[in-house]
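Here the structure comes first, spelled out in structure tokens, and everything after it is commentary.
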2 protein chains.
Amino acid sequence: MLVKAGLECLGEGGITAFTIDNICKKAEASRGLIAHHFGSKDGLLAAVYEAAYEPMLQEVNSDPPLKFPSMLKRIFGVESYSVENLRIWLALWGEFAVNPKLRAAHQRNYGSYKAAVEAAIEEHCFAHGLKVDAAAMAASVIALADGFWLEQCIDPEGFDSARALAAAQSLLEPLLGKLEDADES
Amino acid sequence: MLVKAGLECLGEGGITAFTIDNICKKAEASRGLIAHHFGSKDGLLAAVYEAAYEPMLQEVNSDPPLKFPSMLKRIFGVESYSVENLRIWLALWGEFAVNPKLRAAHQRNYGSYKAAVEAAIEEHCFAHGLKVDAAAMAASVIALADGFWLEQCIDPEGFDSARALAAAQSLLEPLLGKLEDADES
DNA sequence: GCTCTTACTATACGAATGTTCAGCAAGGAG
DNA sequence: CTCCTTGCTGAACATTCGTATAGTAAGAGC
């Protein structure tokens, strides 16, 4: 599958390794196939991006809806902190800043991601009788996740998802109450 | 100056625009000059990175040392939130994940940046009789700054440095006390 | 049987990439 | 004056890039 091969290329060598040659060699397909299926390299990149975002959305969307403490644990889950994921997303972020089409797609996805986090925070506050600005709090939570994620890119040994989660919890608990109760991991 | 031209190229088109042709055209120099001065394109990129980091270090290092509340304001300063700065740094982050030499340089710089933040937090806590893990708190502060910075990349209108600062303050104040007192902006 | 569509291959092409290198102009030392 | 260094140029180089295109193989519809 071309999308899978594209993801792997991004994960191995960043945006520089995302070339027709590389991808088709990895997918064991001919060089023309990308143009045939996706129109152009950019078309494939868009598909690759969607494939990369899907697991993030699944992370926060489940039925029944996650309680906020469990959602927090998922957001800071180990998967996101792998080296491949790091390279994939840093490459994509670099594209967002430059490629308006891709940025638009990301805005859409980010919007629904943030909405899910916001809803969980609202539910949490209602259940515990708290009064906070859920939208701002959701932005803060996502900022913390992304920020710690960037930090572990610099220092993969000194930093891991468990430490990031703990730090985030200790920042959030004064405002949201205890967050370590597990409903369903 | 080649370094300045390189920065501008990164700021305009990300890592894709960081090519010998582009840079030399912008610097009004011949294509051979980069190899002559920096050995290779990678050599120039390293120099460009250092030039990009310098203002960040100056941000937190001053004489006399900044108090933490003022430092926080500087960290969330407007300059970092410009579109050019965004593109420059996202391009560099993408390289960190892939280029070990550059990552090593960034680790070094990040270390001294974090140390400055940590020192300010320690001083703050000592002065106010607080007891916190300054190292972890410094990591959290930096994570918040970077995370909000990423978010405003997605949504430049709905997000700015003032809002990010306010959100960070409201997260930190329960643990560090009031942070809005200004000693010297 | 024939034709049309679909999925895919393989080659060719021009434009760009980064690096190498011979050479040039200027200026100081002897 | 000659010699040597230094800072820089610009053409040439082999690769590699993304795309376009002609061609092949398989299958469905009739």
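Per chain, numbering begins at 1; letters A, B, ... match sequence-line order.
- Scanning residues 40-52 of chain B for heavy-atom distances under 4.0 Å to DNA chain C yields B/Ser40, B/Lys41.
- The side chain of A/Asp21 lies closest to D/dC17 when the candidates are D/dC17, D/dG18, D/dC8.
- Looking at the side chain of B/His37, the nearest of the listed nucleotides D/dC17, C/dG18, D/dC8 is D/dC8.
- Minimum atom distance to the side chain of A/Ala29 is reached by C/dT9, of the listed C/dT17, C/dT9, C/dC8.
- Salt bridge annotation for A/Arg31-A/Asp21: present, with a cationic side-chain nitrogen under 4.0 angstrom from a carboxylate oxygen.
- Separating the CG atom in A/Leu176 from the CG atom in A/Leu171 is a distance of 11.0 Å, to the nearest 0.5 Å.
- Atom C1' of nucleotide D/dT19 and atom CD1 of A/Ile23 are separated by 14 Å, given to the nearest angstrom.
- C/dA10 atom P lies 15 Å from atom CD1 of A/Ile34, rounded to whole Å.
- Ring centroids of A/Tyr49 and A/Phe96 are separated by less than 6.0 Å, placing the two rings close together.
- Remark: aromatic rings of B/Phe159 and B/Trp149 are distant, center separation not under 6.0 Å.
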Treating primed atoms plus P, OP1 and OP2 as sugar-phosphate and everything else as base, which nucleotides of nucleotides 21-27 of chain D get B, S or - for protein heavy atoms under 4.0 Å? -------

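- The distance from atom CZ of A/Phe18 to atom P of D/dG18 is 9 Å, rounded to the nearest whole Å.
- Between A/Lys114 and B/Glu151 no salt bridge is recorded (no basic side-chain N to carboxylate O distance below 4.0 Å).
- For the pair B/Ile15 CD1 and C/dT17 C1', the computed distance is 14 Å after rounding to whole Å.
- With rounding to whole Å, B/Leu2 atom CG is found 9 Å from D/dC8 atom P.
- A salt bridge links A/Glu123 to A/Lys67: one of the charged nitrogens lies within less than 4.0 Å of a carboxylate oxygen.
- Distance B/Ile20 CD1 to D/dT16 P: 17 Å, rounded to the nearest Å.
- Inter-residue side-chain proximity for A/Glu59 and A/Glu79 is flagged as met; some heavy-atom pair is nearer than 4.5 Å.
- Distance A/Leu33 CG to C/dC8 C1': 6 Å, rounded to the nearest Å.
- A salt bridge is defined here as a Lys NZ or Arg NE, NH1 or NH2 lying under 4.0 Å from an Asp or Glu carboxylate O, and B/Arg103 with B/Glu95 fails to meet this definition.
- At whole-Å resolution of the value, CZ in B/Phe38 and P in D/dG7 are 13 Å apart.
- How far CH2 of A/Trp93 is from CG of B/Leu90: 7.5 Å, rounded to the nearest 0.5 Å.
- Looking at A/Arg31, its side chain has no donor and acceptor atom pair within 3.5 Å of the base of C/dT11.
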